Amino acid sequence: AVLTFRTETLVITHDMMAEGTHFRAGADMADLAWKLVATNLSDLAAKGAEPVGVLLGHTLGRDDARFLEGLREALEAFGTPLLGGDTIAATGARAFGLTAIGRATFTPVPARSGAQAGDGVWLTGPVGRAMLGFEGKAEHLAAFNRPVPRIAEGRMLAPHVTAMMDVSDGLLLDAFRMAEASAVTLAFDPAAIPVADPARFESCIRWGDDYELLFTAPPSVSLPIAAHRIGTVKP
């Protein structure tokens, strides 16, 4: 949600994580808390927003102290305060929700619907690292357990992009969503897409959970960050 109040524009997002669907029953609760914060802040990053604070919905259960430890680490790492929320006791699988509130640093706020024919299609970093981390590859464990939202990159890109979103559900699916919202075609150059394991290219571009930023920009724009051009927007 993008809400404008006089001179300020707020960006508000809410994501949930459910046991057995988004995390394993035996997951480290500190990692879970970190990821809950990071995934929500990634949505703010895709809007070029600066985090203002978060509200937490927490189901009480095992290792609550570990959850709080990870929560503190994430909030300190991303400079974001906990504003409030709610805790409940419940039976069955646990679920956690987080609402992140941000302040837009540029208006109009980037959307997924602005891509124009002739724009370049760009990606901030490789995809497939979270998949390999989920499978237990040591060098990629952090990418799955403790992803880092591209907050600074989103703020720098916001004035220059025509469309932007984070890659949370896989490059192919999220690119389809951007193309559909913008009523365009995103034509990829497969050789230009950075992946964590070239031998598993198809899986890397489908798996998701990477939280890189996918964006489009006119060819005349000088980008303020290093990024990978992976294709072109076509009618």
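All of these numbers come straight from a predicted model, not from anything done at the bench.
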For this session: Give a yes or no on whether Leu82 and Ile151 share a hydrophobic cluster (residues Ile, Leu, Val, Met, Phe, Trp, Tyr; joining criterion: side-chain heavy atoms under 4.5 Å apart).
Result: yes
For this session: Starting at SG of Cys204, measure out to CG of Leu171 and round the result to the nearest 0.5 Å.
Result: 10.5 Å
For this session: Considering only NZ, NE, NH1 and NH2 on the basic side and carboxylate oxygens on the acidic side, decide whether Asp64 and Arg94 come within less than 4.0 Å.
Result: yes
For this session: Calculate, to the nearest 0.5 Å, the distance between atoms CG and CH2 belonging to Asp169 and Trp207 respectively.
Result: 11.0 Å
Exercise. With a 4.0 Å cut-off, would you call Glu73 and Arg146 a salt bridge?
Worked result: yes
Problem set entry | Exercise: identify the closest heavy-atom pair between Gly114 and Ser182 | N-OG, 3.4 Å
Exercise. Would Thr9 and Thr107 count as having a side-chain donor-acceptor pair, cut-off 3.5 Å?
Worked result: no
Problem set entry | Donor-acceptor contact present, side-chain Lys47 to main-chain Val109, <3.5 Å | no
Exercise. Applying the 4.5 Å side-chain criterion to the ILVMFWY set and letting contacts propagate, would Tyr211 and Met17 be lumped into a single cluster?
Worked result: no
For this session: Examine Val221 and Met164 and state if one hydrophobic cluster contains both, with Ile, Leu, Val, Met, Phe, Trp and Tyr joined whenever side-chain heavy atoms are less than 4.5 Å apart.
Result: yes
Problem set entry | Main-chain N/O of Gly231 paired to Arg229 side chain as donor or acceptor, under 3.5 Å | yes
Exercise. Between Phe188 and Ile193, does a side chain to side chain contact (heavy atoms under 4.5 Å, CB included) hold up when you go through it step by step?
Worked result: CA-CA 8 Å; Phe188 287 160; Ile193 299 175; 4.0 Å; yes
Exercise. Checking side chain to side chain contact (heavy atoms under 4.5 Å, CB included) against Val121, which of Asp189, Val184, Ile230 comes through?
Worked result: Ile230
Exercise. Nearest heavy-atom pair of Ala33 and Gly70: which atoms, and what distance?
Worked result: CB-C, 3.9 Å
Problem set entry | Any side-chain donor near an acceptor of the partner, Thr216 and Thr162, under 3.5 Å | yes
Exercise. Going by heavy atoms in the side chains, are Phe144 and Asp31 under 4.5 Å from each other?
Worked result: no
For this session: Kindly compute the distance separating CG (Leu75) from CG (Leu41), expressed to the nearest 0.5 Å.
Result: 8.0 Å
Exercise. Under 3.5 Å, is there a donor-acceptor pair between the Glu153 and Thr124 side chains?
Worked result: no
Problem set entry | Considering all heavy atoms, the nearest Leu55-Gly85 contact | CD2-N, 4.2 Å
Problem set entry | Any donor-acceptor N/O pair, Asn40 side chain to Leu36 backbone, under 3.5 Å | yes
Exercise. Got a donor-acceptor contact below 3.5 angstrom from the Thr232 side chain to the Ala187 backbone?
Worked result: no
Exercise. Any donor-acceptor pair under 3.5 Å linking the side chain of Asp119 with the backbone of Gln116?
Worked result: yes
Problem set entry | Closest approach of Ala196 to Leu132 (non-hydrogen atoms, all atoms of both residues) | CB-CD1, 3.7 Å
For this session: Check whether any side-chain heavy atom of Asp209 lies under 4.5 Å from a side-chain heavy atom of Phe134, and answer yes or no.
Result: no
Problem set entry | Arg150 (side chain) donor-acceptor with Val148 (main chain) under 3.5 angstrom | yes
Exercise. Are any of the side-chain heavy atoms of Trp122 and His228 separated by less than 4.5 Å?
Worked result: no
Exercise. Is the closest side-chain heavy-atom distance between His160 and Phe106 below 4.5 Å?
Worked result: no
Problem set entry | Joint hydrophobic cluster, Leu44 plus Trp34, side-chain heavy atoms closer than 4.5 Å | yes
Exercise. So, do Leu83 and Val54 sit near enough that their side-chain heavy atoms are less than 4.5 Å apart?
Worked result: no
Problem set entry | Separation of Leu186 CG from Asp174 CG (nearest 0.5 Å) | 11.0 Å
Exercise. So do the side chains of Thr39 and Ser168 get within less than 4.5 Å of each other, counting heavy atoms only?
Worked result: no
Problem set entry | Under-4.0 Å salt bridge between Arg177 and Glu180 | no
Problem set entry | Short side-chain to backbone donor-acceptor contact, Thr80 and Phe78, under 3.5 Å | yes
For this session: Over 60° means perpendicular and under 30° means parallel, so classify the ring planes of Phe96 and Phe23, tilted if in between.
Result: tilted
For this session: Tell me whether Val161 is reachable from Ile225 by hopping between hydrophobic residues (I, L, V, M, F, W, Y) whose side-chain heavy atoms are closer than 4.5 Å.
Result: yes
Exercise. When rounded to the nearest 0.5 angstrom, what is the spacing between OG1 in Thr87 and CG in Leu60?
Worked result: 5.0 Å
Exercise. So, does Asp210 use its side chain to make a donor-acceptor pair with the main chain of Val127 at under 3.5 Å?
Worked result: no
Problem set entry | Pair Lys137 + Glu135: basic N to acidic O under 4.0 Å | yes
Seminar exercise, completed: Residues Leu223 and Ala217: closest non-hydrogen pair is CD2-CB, 4.2 Å
For this session: Could you give me the CA-CA distance, side-chain angles and deciding distance for Val195 and Ile205, then say whether side chain to side chain contact (heavy atoms under 4.5 Å, CB included) is met?
Result: CA-CA 7 Å; Val195 295; Ile205 64 175; 4.0 Å; yes
Problem set entry | Side chains of Leu123 and Leu213 in contact at under 4.5 Å (non-hydrogen atoms) | no
Problem set entry | Leu141 versus Gly133, closest heavy-atom pair with distance | CD2-O, 3.3 Å
Exercise. Rounded to the nearest 0.5 Å, how far does CE of Met165 lie from CZ of Phe215?
Worked result: 14.0 Å
For this session: Please answer whether the main-chain N or O of Gly48 pairs with a side-chain N or O of Thr105 as donor and acceptor at a distance below 3.5 Å.
Result: yes
For this session: Answer yes or no: is there a side-chain heavy-atom contact under 4.5 Å between Thr99 and Ile12?
Result: yes
Exercise. Is any NZ, NE, NH1 or NH2 atom of the basic residue among Arg103 and Glu50 found under 4.0 Å from an Asp or Glu carboxylate oxygen of the other?
Worked result: yes
Seminar exercise, completed: Which of Lys35, Arg62, Arg66 passes salt bridge (Lys or Arg N to Asp or Glu O under 4.0 Å) with Asp28? It is Arg66
Exercise. Does the side chain of Ser42 pick up a donor-acceptor pair with the side chain of Asp166 at under 3.5 Å?
Worked result: yes
